[in-house]
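Notes to accompany the following structure.
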Amino acid sequence: MSKLSRNSVGVAALAFPTWAYLAFFFIIPVALVLWYSFGFKPDLFTAHDNSVLSLDRYFETADPTFLSTFWNTLQIAGVGTLICLLIGVPFAYWLAVKVPSRWRALLLALVLVPFWTNFLVRTLGWQILLAPEGFLSDALQTMHLTTGPLSILYTRAAVQLGVVYNYLPLMVMPLFVAMDRAGASLREASRDLGANRWRTLWQVTLPLAAPGIASGCLLVFIPLMGDYITASVLGGAQGNMVGQLVANQFNSAQNWALGSAMAVVLMIFILLTVAIVGAVILAVRAVLRHNRRVVMDRTDIESAVIEEAAA
Amino acid sequence: MHGNNPLKVLAPADAVPWISRRALLGGFGVVGLSIAASAGLSGCGRSQGFAASAVPNGEVGNQLNVYSWGDYEDPEDIADFEATGVRVQLDSFGSNEELIAKLAATRGTSGYDVIVPTGVYIPQMAANGLLQPLEHALIPNMANLDPEYLDQAWDPGNKYSLPKAWGTTGYVYDTRIIKRELTSWQDFLDAASKEAAGKTAVLEDSWEVVAIYLAAKHHDMNTEDPTLLDAAEDYLVNTLAKNIRAFNSTIVSTGIPQGTFALMQAFNGDARQGMLSSSDPERWKFVFPTPTANLWMDNWAVATGTQHPDAAYAFINHMLTPEAALREVQYIGYHTGAKGLKEAALADKMELPDLVFPPHDVLDRLKSAVLNEAQERRVQILNRMESKAGA
Amino acid sequence: MTQQSTLAPPVATEAGSVQVRNVVKRYGTATAVAGVNLDVRSGEFLSLLGPSGCGKTTLLRMIAGFEEPDEGDIVLAGSSVVGVPPHKRPVNTVFQAYALFPHMSVAENVAYGLRQRRTSRAEIGARVTEALDLVQMGTFATRNPKMLSGGQQQRVALARAIVNRPKVLLLDEPMSALDRKLREEMQLELKLLQRRLGITFVFVTHDQAEALSMSDRIVVMLDGRVQQVGTAEDIYTNPATSFVAGFIGKQNFIAGTVAGNGRLVTADGEIAAADADAAPAGSAVLAAVRAESITVSTVRPDTDVNVVKAAVGAVSFLGETIQYQLTTGSGHELLARVPPLHGELLPAGSTVWCSWAPAHVQVFPNPHPSTGGQ
């Protein structure tokens, strides 16, 4: 017993950097944001005050602009995650399964190339590219693929394009790792047992990559919900994202209480979305499991053996 | 500016003007709300406990920290000043609220020496001890300023500030798409729902957006009349909003060269910068719309707690030389308030001078924005517009 | 031995037969399989034996369908399967690392192949139960394969393959991850299972003892070619090449020249060999003598042929035998393995006499005359 407790103390001590990191960079900041959200902005000269606590800031977030922007954000993040998934799964599959291993490192490096540039700069790159007077517009018009100048910049489509571009690597990486780890031998076993490539993908590769798919979706969806740079640079009246509102409260308006309340609402919504989607996935998996279940049956053995002998 | 009564135009003495030229209002416009709240609280005695400012002693030293709007000084002017042996650390803010919050939160330890607040904020900032009274003797070049721009209502006797730049609001349009001549705010509304439908940008500023309608209908832009504001909301939300592609106060300088919009509400200097970087400036036309528009002014001031007061005064003094004023107006496209600047700029063959030096009749009709009880209502209108446009 | 396989009766129509015809497989410039011909008879237990890189696994994978031959043909139960994808071939494989699906229970793993064939639920239940009972894993049906030991996983892998009633079962070194005791148990069980099911087994291994103990026939491979095909006894007693001789059991090779009188001339004197005159006189040959065939004694045996004086080097007690490392007068190293009953261990450093019968000497052409026997 004493040995056990001494060990656990030792383990806790060894884990100190981990929980200290968590405490300082996650728990305390989140607690602070929560605390600020109950306060108010007393005057122009002060960003926040917690001397009077209230839920008023949360009522302020129930404003139609916030709600419609929130709904926009949820759509952009949801569609963005889905598109990343639809691009990421075939790409990661191709990379993990089809590409000779000597090319993989190079291709993975190419996937990460956009990350070598600052997030804002590469998003601005899209602004220049998508502009009606920009290169893409000129090229399309020269090729007579469009009649007038390209009119996509400052629309929701531009934001959608931008977020897919910005977050795709975050989807591809965990997907690739998961599909790579599932290994060629399991796919071969599946083919050997009579499943074609398509069935192997659905019954072996994708189920085994499920943790990677889940982490890829979370890695894309969560930061995307909070993204404000892409929407600020590429979005206009349409394609607003809630991250812009939060950032404005902290930067321009200097109303930390309201910004905090918005951030808390955002976090709650992200958690709820993840929980609901997670529950749906678990339910689907339970159904699939149920369908796959094998009922052991010893009464038929005799007849089966007889059948076999007869065959 | 050579008008009979420019002072009245620049600073209505009976009102606290409300200006947020480039305040990046959230969808909420809480900036307006917080200012409304602070209007009643101004001078509530938050000046205690500030770090002491250093006293000028003639030693300029080798460091100066300037906190200004982004890209609001010609780097050449900064470099010239640095040639005197002072390193300039230039940081930028995006709204007066950001500037004020930082100064107030740090209680004089922000490290900033020279700041650039907008005129209407100066009384509150001074009352709260954020600003140091200027020692005019250390800024001999203030003699270069046109008296028309001195002694404004928000800072009588220029106790705390000296003019840095002023500008006005109008709009730019693409003459390839809008082939007729636009001159008024009514023309703006008309074009926005016709040729420029879906290709119109307005400032993300509740006062400026509501003012489009009020001015178009020849009402007082600062009105508090609920009936007028209801009419404004009805038109702006139900007719204009669906034609708006962007609510953005900083988009014009890139929007023009990229050709993204056909019609953009814009500040004169920003519009000029955008047109200058366009491959075809002739394509764009800036309008000082009738019957009226907003007029605002940014100012040099010294922050409480400054540790480099001599350098701060030397810097302001440097920026007020005729040479610096000419470079500044060329670079930022806003009039600095220097004497004879228009003549000097014209002599220097400045491009698009008409956007910086509006004619006499334009100046006469400009009015300053006012912060009043209806501000919250204006914020609400903008929110509803954004909500409608984003749906 | 090749003669024997051509003399075998036609097997093309038999359900579990495999014919490999002139199959070549290259990877870039390397040739993994260099023209292999092989007839696997229906219902037999055939082992592909050879060192790693000999092409045996590649050959197995080509039968399974994971690789396609560059040249030649593979015929399963009378029809060519070249170009047929693996899921359409009537074979199943037991993989080296078992390759059990970690996201499925034991029973679901076994049911996998049946589910692909849209077998009814009732039949799946019955056949999975049967297959698991056959490998004595019936009580583990609901377990996750990750929770099983290596031996248990192997049984599940076996059940997963045989439940589909393949015509041919391919086993890719299935025992290599098991410890020796378990491996010996499984070898016996596997052989019994094969007898009981009557399925053709093609078993890949690098372990000659494993091949010898289980197989009806053994195919010894080297460098992508078949060296010999035969029963365990054939291969042990009549190795076709010096490589086969060396790969099966412990051989001593002595370089020599054919004298023409039933004798070979070597550095340690003449060696009498039963088939010494198979090669023309004067040709360089290798004489192979098994370690088990050498008698070691402290007194000179009462014979004139095949007696060599040697010094004892290392002595190892291996349980069933004692192994002596011996150095002859010419400096040649010999290994001898003798039953322990013969007396006490001879001490290292002592001088002994080694002898062997001419019938126990096999003669092969020397593939490297200049270096052979050193």
Side-chain angles (χ1 to χ4, degrees), chain A residues 97-98 100-102 178-179 181-214 281-282 284-286 288-311, chain C residues 61 64-67 85-119 121-134 138-139 141-142 157 160-161 163-166 169-170 172 197-198:
Chain A
V97 175
K98 302 283 177 190
S101 50
R102 64 181 182 280
M179 293 202 184
R181 256 209 332 223
S185 65
L186 292 181
R187 288 190 299 274
E188 284 186 350
S190 168
R191 311 254 359 242
D192 186 74
L193 291 165
N196 59 25
R197 283 179 202 282
W198 188 246
R199 290 175 70 103
T200 299
L201 176 71
W202 282 100
Q203 295 179 91
V204 175
T205 312
L206 286 182
L208 286 173
I213 294 171
I281 288 169
L282 286 179
V284 168
R285 199 171 71 162
L288 290 178
R289 281 246 166 106
H290 182 81
N291 288 341
R292 201 171 64 198
R293 188 180 43 119
V294 176
V295 183
M296 297 290 282
D297 182 0
R298 289 197 166 73
T299 59
D300 277 3
I301 290 180
E302 297 304 318
S303 58
V305 169
I306 291 162
E307 258 174 53
E308 188 188 19
Chain C
R61 289 172 60 79
F66 302 131
E67 313 278 350
H87 64 278
K88 290 189 176 159
R89 297 192 183 194
V91 300
N92 285 112
T93 308
V94 177
F95 293 88
Q96 186 168 10
Y98 318 133
L100 296 178
F101 303 122
H103 59 302
M104 297 181 192
S105 70
V106 164
E108 286 166 3
N109 262 281
V110 178
Y112 190 87
L114 297 176
R115 281 207 351 261
Q116 309 314 316
R117 289 174 182 78
R118 316 227 178 257
T119 315
R121 280 184 88 86
E123 194 185 342
I124 288 179
R127 281 171 66 173
V128 167
T129 310
E130 182 197 2
L132 283 175
D133 286 347
L134 207 57
T139 52
T142 56
R160 186 176 68 174
V163 75
N164 303 299
R165 296 170 187 164
L169 186 69
L170 307 172
D172 185 8
L197 296 171

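Letters A, B, ... mirror the listed sequences (proteins, then strands); counts begin at 1.
For Leu132(C), the part lying under 4.5 angstrom from a heavy atom of chain A is the side chain only. For Asn92(C), the parts lying under 4.5 angstrom from a heavy atom of chain A are both the backbone and the side chain. There is no contact between Arg89(C) and chain A, counting heavy-atom distances below 4.5 Å.
Of the listed residues (Arg118(C), Gln96(C), Lys88(C)), the greatest number of heavy-atom pairs within a distance under 4.5 Å of chain A belongs to Arg118(C). Among Ala210(A), Ser190(A), Pro207(A), the residue with the largest count of heavy-atom pairs under 4.5 Å with chain C is Ser190(A). Per-residue heavy-atom pair counts under 4.5 Å with chain A were compared for Ala157(C), Ser105(C), Pro102(C), and the maximum is reached by Pro102(C). Ranked by heavy-atom pairs under 4.5 Å with chain C, the first of Ala189(A), Ala182(A), Gly183(A) is Ala189(A).
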side-chain contact (heavy atoms from CB on, under 4.5 Å) between Gln203(A) and Phe101(C), worked out = CA-CA 10 Å; Gln203(A) 295 179 91; Phe101(C) 303 122; over 6 Å; no
Going through the distances and angles, do Leu186(A) and Phe95(C) end up as a side-chain contact (heavy atoms from CB on, under 4.5 Å)?
-> CA-CA 10 Å; Leu186(A) 292 181; Phe95(C) 293 88; over 6 Å; no
Output, in order, the C-alpha distance, side-chain angles, deciding distance and verdict of side-chain contact (heavy atoms from CB on, under 4.5 Å) for Asp192(A) and His87(C).
-> CA-CA 5 Å; Asp192(A) 186 74; His87(C) 64 278; over 6 Å; no
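The local environment of CZ in Arg117(C) is crowded, with over 12 non-hydrogen atoms from other residues, nucleotides or ligands closer than 6.0 Å.
What you find for Ser185(A) and Ala99(C) is that their closest heavy atoms are O-CB, 3.8 Å. The heavy-atom pair separating Tyr112(C) from Val204(A) by the smallest distance is OH-CG2, 3.4 Å. The shortest non-hydrogen separation linking Met296(A) to Val128(C) is SD-CG1, 4.1 Å.
With sequence neighbours excluded, the residues satisfying side chain to side chain contact (heavy atoms under 4.5 Å, CB included) with Val97(A) are Tyr93(A), Arg187(A).
Note that the CG atom of Asp172(C) and the CD atom of Glu188(A) stand 9.5 Å from one another [nearest 0.5 Å]. Taking CD from Gln116(C) and OG1 from Thr200(A), the interatomic distance works out to 7.0 Å, rounded to the nearest 0.5 Å.
Looking only at side-chain heavy atoms (C-beta outward), Pro85(C) and Asn196(A) stay at 4.5 Å or farther from each other. Using a 4.5 Å heavy-atom cutoff, the side chains of Arg292(A) and His103(C) are in contact.
Checked for salt-bridge contact, Arg289(A) and Glu108(C) miss the test: no charged N lies under 4.0 Å from a carboxylate O.
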